[in-house]
J.: 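Handing you this structure, nothing more for now.
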Amino acid sequence: MHRPGVRSLPGGDVFGYYLSLALRSFRQHRGLTALIVLSIAVGIGTSMTVLTVLHVLSGDPIPTKSARLFHVQLDPEPADGYQPGSEPMDLLTRIDAETLLQQKRGLRQAMMAGGSGTVDADGSGQRPLRVPMRHTSADFFPMFDTPFVHGQAWSAEQDAGRARVAVIGPALNARLFGGGDSVGRSVRVDGHHLTIVGVLGHWDPRPAFHDLGTGRYGADDQLFLPFSTARDLDLEHRGPMHCFGREIVNAQTAHNVPCAWIQYWVELRDPAQAPAFKAYLDAYSEQQRAAGRFERPANTRLRDVMQWLDYKRIVPGDVQLQVWLALAFLLVCLINTVGLLLAKFLRRRNEIGVRRALGASRGHIFRQCLVEVGIIGGAGGALGLLLALAGLWLVRQRPAAYADMVHLDLPMLLLTFALAMVTSVLAGLLPAWQAMQIPPALQLKSQ
């Protein structure tokens with residue numbers, strides 16, 4: 001027998017009463033309840049799979065200092081075809097990069113380019129390996145927080161002296177030296193001997209913001225050496241190259257040729273220094289224009305890490321499309337859930353009418369329905385989480401470069417349940433409102 005009302009019950013007893021009514025309703029309408037839970041779960045599972053992929057791909061790869069690291073762009077191209085406001089090239093010429101590096105206007109600065117070569121070591125017992133490399137300057141390591149397990153980076157003096165030194169990654173160190181301390185030992189790069197001064201630990205920023213031209217997801221470089229040394233040894237360049245001008249260029253990596261192929265980053269003490277550094281780049285461009293090297297007015301860009309990733313549209317277009325499709329599908333599931341909840345509550349007209357006649361107010365009926373909806377939302381969220389985990393597992397089986405990055409972290413786990421509860425409550429508002437409108441007199445008359 002129903003209680004005559006709930007107005008005199010303490011808050012906890014009221015909730016317990018609503019909970020008991022909800023559980024009884026679930027038992028009476030098992031099939032319909034299961035359909036509602038499944039509708040919510042499918043919408044949540046699909047949307048959270050795609051949102052997790054978006055969350056991972058759009059994350060900050062170096063959150064401790066991303067606001068202080070800036071990518072530099074200049075515009076040394078000929079005046080032909082220039083349009084005011086157009087974007088300059090992403091890369092710098094060697095002469096501009098080396099000049100900016102020498103002037104040292106930032107806290108740290110690094111020029112870099114990708115490379116590749118054949119590497120082996122005396123006594124390693126390994127056949128020569130073809131490995132990706134990074135030709136860079138000494139500040140690269142402290143700028144990008146690369147961890148060392150042995151030794152340290154080379155110095156700016158060794159940069160200037162074209163020292164035959166190298167830093168190697170953990171995979172190459174394990175392959176050639178069994179993972180031990182290899183500092184002081186020698187490796188051959190395309191036949192040239194280099195002395196190891198440091199061994200890195202795991203360093204794999206995702207995305208590889210520092211050089212998107214050689215691979216967006218995963219820093220696969222296994223050997224690092226001074227840029228000056230790489231050019232002195234004429235090692236192979238790996239990455240984009242854009243030559244411009246009116247003359248045919250043969251030696252594209254030479255010092256003073258119109259070819260852009262070098263990434264340039266600067267670290268400032270504070271993001272507030274960015275306007276002053278941008279002004280310095282503008283002044284440098286005007287100096288080069290006055291000297292006859294640059295033909296265009298100052299057209300520079302200075303973007304921090306997240307601005308740079310946004311400009312380069314690091315999130316694949318198909319992922320963005322999938323997000324919109326998943327959200328549209330979630331909306332369809334929401335509408336379907338509204339219909340199912342309406343059917344579920346209206347099937348209980350007699351029960352709700354009797355409760356109204358025995359003293360339950362419209363507010364009581366409304367809250368009772370929302371408690372029931374909340375429980376359904378929690379069940380839908382739990383099932384949706386399982387579906388999302390299954391969806392992410394399928395994503396990791398794809399051949400995409402970012403596939404192994406896709407995992408559900410704590411923020412996305414919490415978002416899954418929050419989204420399930422919000423979705424279910426939104427879906428339940430209209431059915432709950434309709435349920436509380438059922439007049440008691442009509443139902444009593446039909447008994």
Side-chain angles (χ1 to χ4, degrees), residues 57-58 60-62 66-101 103 105-106 109-114 143 205 207-217 237-247 249 252-253 256-268 271 273-321:
L57 297 186
S58 58
D60 189 341
I62 183 167
S66 60
R68 296 189 288 114
L69 296 177
F70 293 86
H71 182 268
V72 174
Q73 294 171 260
L74 302 175
D75 194 352
E77 293 190 89
D80 299 342
Y82 171 68
Q83 295 181 356
S86 62
E87 283 288 335
M89 295 182 295
D90 295 345
L91 307 171
L92 301 191
T93 64
R94 179 177 171 184
I95 186 173
D96 289 322
E98 291 181 340
T99 301
L100 295 181
L101 192 72
Q103 292 182 358
R105 293 300 183 94
Q109 42 276 312
M111 57 184 292
M112 71 193 79
M143 271 183 67
F209 66 95
H210 58 289
D211 189 353
L212 298 174
T214 57
R216 295 193 165 198
Y217 297 101
H237 165 252
R238 175 180 63 102
M241 170 81 70
H242 176 62
C243 294
F244 53 91
R246 302 176 181 86
E247 299 179 359
V249 176
Q252 296 177 329
T253 60
N256 191 15
V257 296
C259 291
W261 55 286
I262 297 172
Q263 298 278 351
Y264 195 93
W265 285 83
V266 62
E267 179 182 350
L268 303 180
Q273 294 182 330
F277 195 88
K278 175 69 164 55
Y280 154 69
L281 295 177
D282 291 339
Y284 172 82
S285 295
E286 291 299 341
Q287 290 171 1
Q288 298 304 308
R289 187 184 181 196
R293 283 194 60 242
F294 288 9
E295 298 181 11
R296 301 182 178 187
N299 183 29
T300 65
R301 300 290 187 276
L302 188 68
R303 294 181 169 99
D304 66 26
V305 171
M306 298 308 293
Q307 291 169 341
W308 175 241
L309 294 178
D310 183 61
Y311 166 67
K312 295 300 292 182
R313 300 182 183 277
I314 193 64
V315 178
D318 62 333
V319 172
Q320 296 178 348
L321 177 61

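Values in this document were obtained by computation on a predicted structure and should not be read as measured data. In what follows, every heavy atom counts, from backbone to side chain, and hydrogens, waters and symmetry copies are set aside.
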J.: Taking the side chain as C-beta and beyond, is there a heavy-atom pair between Leu100 and Val266 under 4.5 Å?
T.: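 Heavy-atom side-chain distance check fails, nothing below 4.5 Å.
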J.: Would you check if Val72 and Gln109 make a side-chain contact, meaning some heavy-atom pair closer than 4.5 Å?
T.: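 Sidechains of Gln109 and Val72: no contact.
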J.: Find the distance between CZ (Phe209) and CD1 (Ile62) and round it off to the nearest 0.5 Å.
T.: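 Answer for the CZ-CD1 pair, Phe209 versus Ile62, is 4.5 Å.
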J.: Just by distance, with hydrogens left out, do Gln307 and His71 show a side-chain donor and acceptor under 3.5 Å apart?
T.: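 Judged by distance alone, the side chains do not pair up.
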J.: Can you confirm whether Tyr284 sits close enough to Thr99 that some side-chain heavy atom of one is under 4.5 Å from a side-chain heavy atom of the other?
T.: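 They are in side-chain contact.
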J.: I need the Met112 CE to Met143 CE distance, nearest 0.5 Å.
T.: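 One gets 6.5 Å once the value is rounded to the nearest 0.5 Å.
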J.: Taking all non-hydrogen atoms of both residues, which atom of Lys278 and which atom of Leu302 are closest, and how far apart?
T.: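 In terms of heavy atoms, the two residues are closest at N-CD2, 4.0 Å.
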J.: Is the terminal nitrogen or CZ of Arg296 (NZ for Lys, CZ for Arg) located under 6.0 angstrom from the six-membered ring centre of Tyr82 and within 45° of that ring's axis?
T.: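 Because its charged atom misses either the 6.0 Å distance or the 45° angle limit, Arg296 does not stack over Tyr82.
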J.: If I compare all heavy atoms of Gln83 with all of Ser86, which pair ends up nearest, and what's the gap?
T.: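 Gln83 and Ser86 have their closest heavy atoms at O-OG, 2.8 Å.
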J.: Does Trp265 use its side chain to pair, donor to acceptor, with the backbone of Leu69 at less than 3.5 Å?
T.: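 Pair absent, no side-chain N/O of Trp265 close to backbone of Leu69.
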J.: Can you check whether Arg301's main-chain N or O pairs, donor with acceptor, with Gln73's side chain at less than 3.5 Å?
T.: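 A pair under 3.5 Å: no.
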J.: When you compare the side chain of Gln263 with that of His210, does any pair of heavy atoms fall below 4.5 Å?
T.: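 His210 vs Gln263: side chains apart.
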J.: Write down the atom of Asp211, the atom of Gly114, and the distance for their closest heavy-atom approach.
T.: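 Between these two residues, the closest heavy atoms are OD2-N, 3.8 Å.
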J.: Rounded to the nearest 0.5 Å, how far apart are OG1 of Thr300 and CG of Leu74?
T.: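 If we round to the nearest 0.5 Å, Thr300:OG1 and Leu74:CG are 7.0 Å apart.
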J.: Which heavy atom of Val315 sits nearest to which heavy atom of Ser58, and what is that distance?
T.: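 Between these two residues, the closest heavy atoms are CG2-CB, 3.9 Å.
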J.: Just wondering, do Cys243 and Val257 contact through their side chains at under 4.5 Å, heavy atoms?
T.: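 The answer is no; the side chains never approach within 4.5 Å.
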J.: Do Leu309 and Asp60 have side chains that approach each other closer than 4.5 Å (heavy atoms only, starting at C-beta)?
T.: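 Contact flag for Leu309/Asp60 side chains = no.
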J.: Among side-chain atoms of Tyr280 and Gln103, is any donor-acceptor pair under 3.5 angstrom?
T.: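 Their side chains do contain a donor-acceptor pair, which is all the 3.5 Å distance test asks for.
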J.: Testing the basics here: between Asp75 and Pro88, what is the closest heavy-atom pair and its distance to 0.1 Å?
T.: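 Minimum heavy-atom separation between Asp75 and Pro88: CB-CB, 3.8 Å.
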J.: Can you measure from CD (Glu267) to CG (Asp304) and round to the nearest 0.5 angstrom?
T.: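 So the gap between those two atoms works out to 12.5 Å.
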J.: Should Leu212 and Trp308 be marked as a side chain to side chain contact (heavy atoms under 4.5 Å, CB included) after you check the CA-CA gap, both sets of side-chain angles, and the distance that decides it?
T.: CA-CA 10 Å; Leu212 298 174; Trp308 175 241; 3.7 Å; yes
J.: Start with the C-alpha gap between Arg94 and Trp261, add the side-chain angles, then the distance that decides, and say whether side chain to side chain contact (heavy atoms under 4.5 Å, CB included) holds.
T.: CA-CA 7 Å; Arg94 179 177 171 184; Trp261 55 286; 4.2 Å; yes
J.: How long is the gap from OG1 on Thr93 to CD on Glu98, to the nearest 0.5 Å?
T.: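 Thr93 atom OG1 to Glu98 atom CD measures 9.0 Å (nearest 0.5 Å).
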J.: Just wondering, do Pro76 and Ile95 contact through their side chains at under 4.5 Å, heavy atoms?
T.: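 Heavy-atom side-chain distance check fails, nothing below 4.5 Å.
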J.: To the nearest 0.5 Å, tell me how far Glu295 CD sits from Asp80 CG.
T.: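 Result: 7.0 Å between the selected atoms.
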J.: When you measure from the side chain of Glu286 to the backbone of Ala298, do you find a donor-acceptor pair of N or O atoms at a distance under 3.5 Å?
T.: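 Confirmed, Glu286 side chain pairs with Ala298 backbone.
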J.: May I ask you to check whether Gln288 and Arg293 show a side-chain donor-acceptor distance below 3.5 Å?
T.: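 Judged by distance alone, the side chains do pair up.
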J.: Taking the side chain as C-beta and beyond, is there a heavy-atom pair between His242 and Cys259 under 4.5 Å?
T.: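 His242 vs Cys259: side chains apart.
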J.: Take Phe70 and Leu281 through the side chain to side chain contact (heavy atoms under 4.5 Å, CB included) test and state the conclusion after the steps.
T.: CA-CA 12 Å; Phe70 293 86; Leu281 295 177; over 6 Å; no
J.: For Pro78 versus Phe244, what's the shortest heavy-atom pair and its separation?
T.: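 Scanning both residues, the minimum pair turns out to be CD-CD1, 3.7 Å.
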